[in-house]
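In what follows, residues are counted from 1 in the order of the sequence shown. None of the values given here were measured: they were computed from a predicted structure.
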Amino acid sequence: MSEFLDWLGLKSKQQRKEEARKYDLWAFPYGPEQKKVVIRLLQTLLPEEKPKLALMIYLAGKQGYAGGDPIKDRAPKECSFEKRLYYARWAMENMLRGKYKKLLPRYMALIIADQQVDASLNYPSVEELRQAAMTLEPQLK
């Protein structure tokens, strides 16, 4: 019966809570401090975006870049950098319409930086992220 309810998308409060915990652990493995740093970077790097929307787009791109499924415990995909860019771009493209498409390289620069960060949370500066975005721009067209 439980599998049937899962198939319908019906989950208990406990199941939803556990999935949220797993997702947070995947999205921010270094805890709430990492989440604060990422949100601050998003607000500074993408001031034209609404903060909650920016975080949602960033997380979709991060999941596309990393692959796998944090809720279903599926491991990240082993693939080339170019493929990762493709998957992340695909995950974010529908959310970035019109004039907002130009923001894609900045999101991607932060996603790539996030994959390289450790517990010290030494992210590149906003200026370094902007420069990385300019370098990525031709690859994302």
Peer 1: Would a single hydrophobic cluster contain both L129 and L121, if residues Ile, Leu, Val, Met, Phe, Trp and Tyr are joined by side-chain heavy-atom contacts under 4.5 Å?
Peer 2: yes
Peer 1: On a heavy-atom basis, which atom in A133 and which in A109 lie closest, and how many Å separate them?
Peer 2: N-CB, 3.8 Å
Peer 1: Minimum heavy-atom separation for A91 to A60, with atom names?
Peer 2: CB-O, 3.3 Å
Peer 1: One thing to verify: whether E49 and R106 come together as a salt bridge, which I'm taking to mean a side-chain N less than 4.0 angstrom from a carboxylate O.
Peer 2: no
Peer 1: Do L45 and M56 sit in the same hydrophobic cluster, where Ile, Leu, Val, Met, Phe, Trp and Tyr count as joined when their side-chain heavy atoms come under 4.5 Å apart?
Peer 2: yes
Peer 1: Are side-chain heavy atoms of R40 and Y123 found at a separation under 4.5 Å?
Peer 2: no
Peer 1: Y87 and W90: aromatic ring centres closer than 6.0 Å?
Peer 2: no
Peer 1: In this structure, would L85 and M134 fall into the same cluster of hydrophobic residues linked by side-chain contacts under 4.5 Å?
Peer 2: no
Peer 1: Determine whether Q131 and T135 make a side-chain contact, defined as any pair of heavy atoms from C-beta on separated by less than 4.5 Å.
Peer 2: no
Peer 1: What heavy-atom pair brings Y107 and L53 nearest, and what distance separates the two atoms?
Peer 2: OH-O, 4.5 Å
Peer 1: Heavy-atom distance under 4.5 Å between the side chains of Q115 and K62, does that happen here?
Peer 2: yes
Peer 1: Minimum heavy-atom separation for Y100 to E48, with atom names?
Peer 2: CE2-O, 4.0 Å
Peer 1: Atom CD1 of I39 and atom NZ of K52: how far apart are they, to the nearest 0.5 Å?
Peer 2: 10.0 Å
Peer 1: Are any of the side-chain heavy atoms of F28 and L59 separated by less than 4.5 Å?
Peer 2: yes
Peer 1: With a 4.5 Å limit on heavy-atom distance, are the side chains of C79 and R84 in contact?
Peer 2: yes
Peer 1: Just how far is it from atom CD of E18 to atom OG of S12, taken to the nearest 0.5 Å?
Peer 2: 10.0 Å
Peer 1: Do Y86 and L96 share a hydrophobic cluster, counting only Ile, Leu, Val, Met, Phe, Trp and Tyr and linking them when any side-chain heavy atoms are less than 4.5 Å apart?
Peer 2: no
Peer 1: Return the CH2 to CD distance between W26 and Q63, rounded to the nearest 0.5 Å.
Peer 2: 5.0 Å
Peer 1: Flag the pair L103 / K101 as yes when at least one side-chain heavy-atom distance between them is below 4.5 Å, and no otherwise.
Peer 2: no
Peer 1: Could you tell me which non-hydrogen atom of R89 sits nearest to which non-hydrogen atom of L104, and how far apart they are?
Peer 2: CG-CD2, 3.5 Å
Peer 1: Is there a side-chain contact between Y58 and D114, using heavy atoms and a 4.5 Å cut-off?
Peer 2: yes
Peer 1: Mind listing the closest non-hydrogen atom pair of Q34 and A27 along with its distance?
Peer 2: OE1-O, 4.4 Å
Peer 1: According to a 4.5 Å side-chain heavy-atom criterion applied to Ile, Leu, Val, Met, Phe, Trp and Tyr, with indirect links allowed, do L55 and Y30 form part of one hydrophobic cluster?
Peer 2: yes
Peer 1: Can you tell me how far the NZ atom of K102 sits from the CD atom of E137, to the nearest 0.5 Å?
Peer 2: 10.5 Å
Peer 1: Are the side chains of L136 and I112 in contact, using a 4.5 Å heavy-atom criterion?
Peer 2: yes
